[in-house]
A.B. asks: 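Sharing a structure with you now.
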Amino acid sequence: MTDLVAIARSLFAEGKGLLAADESVHTATTRLAEYGVPAGAEMRRQYRDLFIGADDIGMYLSGVILFSESLIEKGNDKKLFPKSLASRGIAPGVKVDLGTEPFPESPNELITNGLIGLPERLVEYKKQGAIFTKWRAVFRIDGDTLPSSQAIHENAKRLASYAKEAQTAGLVPIIEPEVLMEGTHSRTRARTVIEETLNTVFSVLEEHSVDRAGIILKTSMALSGSGSRKKDTPEEVADDTISALMKSVPRQIAGIVFLSGGQTPNQATENLAALISRAKEVNAPWPITFSYARALQEEALALWKGKEENVPAAREAFLSRLVKVSTAVM
Ligand code: 13P
């Protein structure tokens, strides 16, 4: 039997973390357009190859989360992406949710889909080389009213059903209840929402008999809303985030990874370093690392612009950011 706990733990190797390269077709298209890169499957493949094909990423990455189409695509080295990663000691993972839609009971909120047909897709992804998976739920803060308890509960139930299915299929689940930074809320409100959401998520996981020791939590940092104009110091972010996690996350889980959520690469790096040192001060029970998409990719995408001749400079920027983020978690 696959030892899911050992696999989950191995993603927290010293100084290493995850690259999220699992943008859906829609998100990838929007992201590339921001950098003037045209749409289409071939540009998306080159976009993935820019990061996956970079030399030396194995020094900083324990895993890469892929979008399902990348499991069956080849890099410029003619190797399938999962094989190319695995041959360098990097675990291939896959996003398995199918995105969000408005929650019928509360249409300003989002619910994540993808449970229908999930067992069959998991079997397929495993055959294609994935060893871990991710499911993202999204929570928007609006004053004291959102997120609603119904939306939290329904998303938590789906996260738990997914986690159970993933473990049954022999794949490590990363559960990602993301609390969005967009909004005018305070950091304290973000901290409260993170804590409440995680309390619900972990109690529902318990009801679904998910093996806690084999799951990874992917979470947001407690940040003032991006529309609030308040600039949090890394120490403030670290204090509030670790305090919320200590009150809501069981000690038994395999570990915690952070998403970058729209922070600049420097912010996401500095906040992570402060979080790690705060976690050490309070003897937090879980290993912690990064699982960034935007904060790892942004500088490289700005240089690449979809042009072959810019690949070396873009990869250099990516590597340089990886070094900084890796240093932050040591
Ligand atoms: P960001 O780091 O850009 O927030 O993305 C992480 C992620 O995986 C979102 O699902």
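Remember, it's 1-based here, ligands and their atoms both numbered in the order they're listed.
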A.B. asks: Can you list, by chain and residue number, every protein residue with a non-hydrogen atom closer than 4.0 Å to ligand 1?
C.D. replies: Ala20, Lys134, Arg136, Glu176, Lys218, Leu259, Ser260, Gly261, Ser291, Tyr292, Ala293, Arg294
A.B. asks: Between the side chains of Arg158 and Glu154, is the shortest nitrogen-to-carboxylate-oxygen separation below 4.0 Å, so that they form an ion pair?
C.D. replies: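 A salt bridge is present here (some side-chain N lies under 4.0 Å from a carboxylate O).
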A.B. asks: Among all residues two or more places apart in sequence or in another chain, which pass the ring pair (Phe, Tyr, Trp, His ring centres under 6.0 Å) test with Phe132?
C.D. replies: none
A.B. asks: Would you indicate whether Glu308, at its atom CD, is surrounded by more than 12 heavy atoms from other residues, nucleotides or ligands within a distance under 6.0 Å?
C.D. replies: no
A.B. asks: Closer than 4.0 angstrom, basic N to acidic O: yes or no for Glu236 and Lys230?
C.D. replies: yes
A.B. asks: What residues form a salt bridge (Lys or Arg N to Asp or Glu O under 4.0 Å) with Lys95, not counting sequence neighbours?
C.D. replies: Asp97
A.B. asks: Salt bridge (Lys or Arg N to Asp or Glu O under 4.0 Å): which pairs involve residues 39-60, sequence neighbours left out?
C.D. replies: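 Every pair satisfying salt bridge (Lys or Arg N to Asp or Glu O under 4.0 Å) with a residue in residues 39-60: Glu23-Arg48, Glu42-Arg45, Arg44-Glu69, Arg48-Glu69, Asp49-Arg315.
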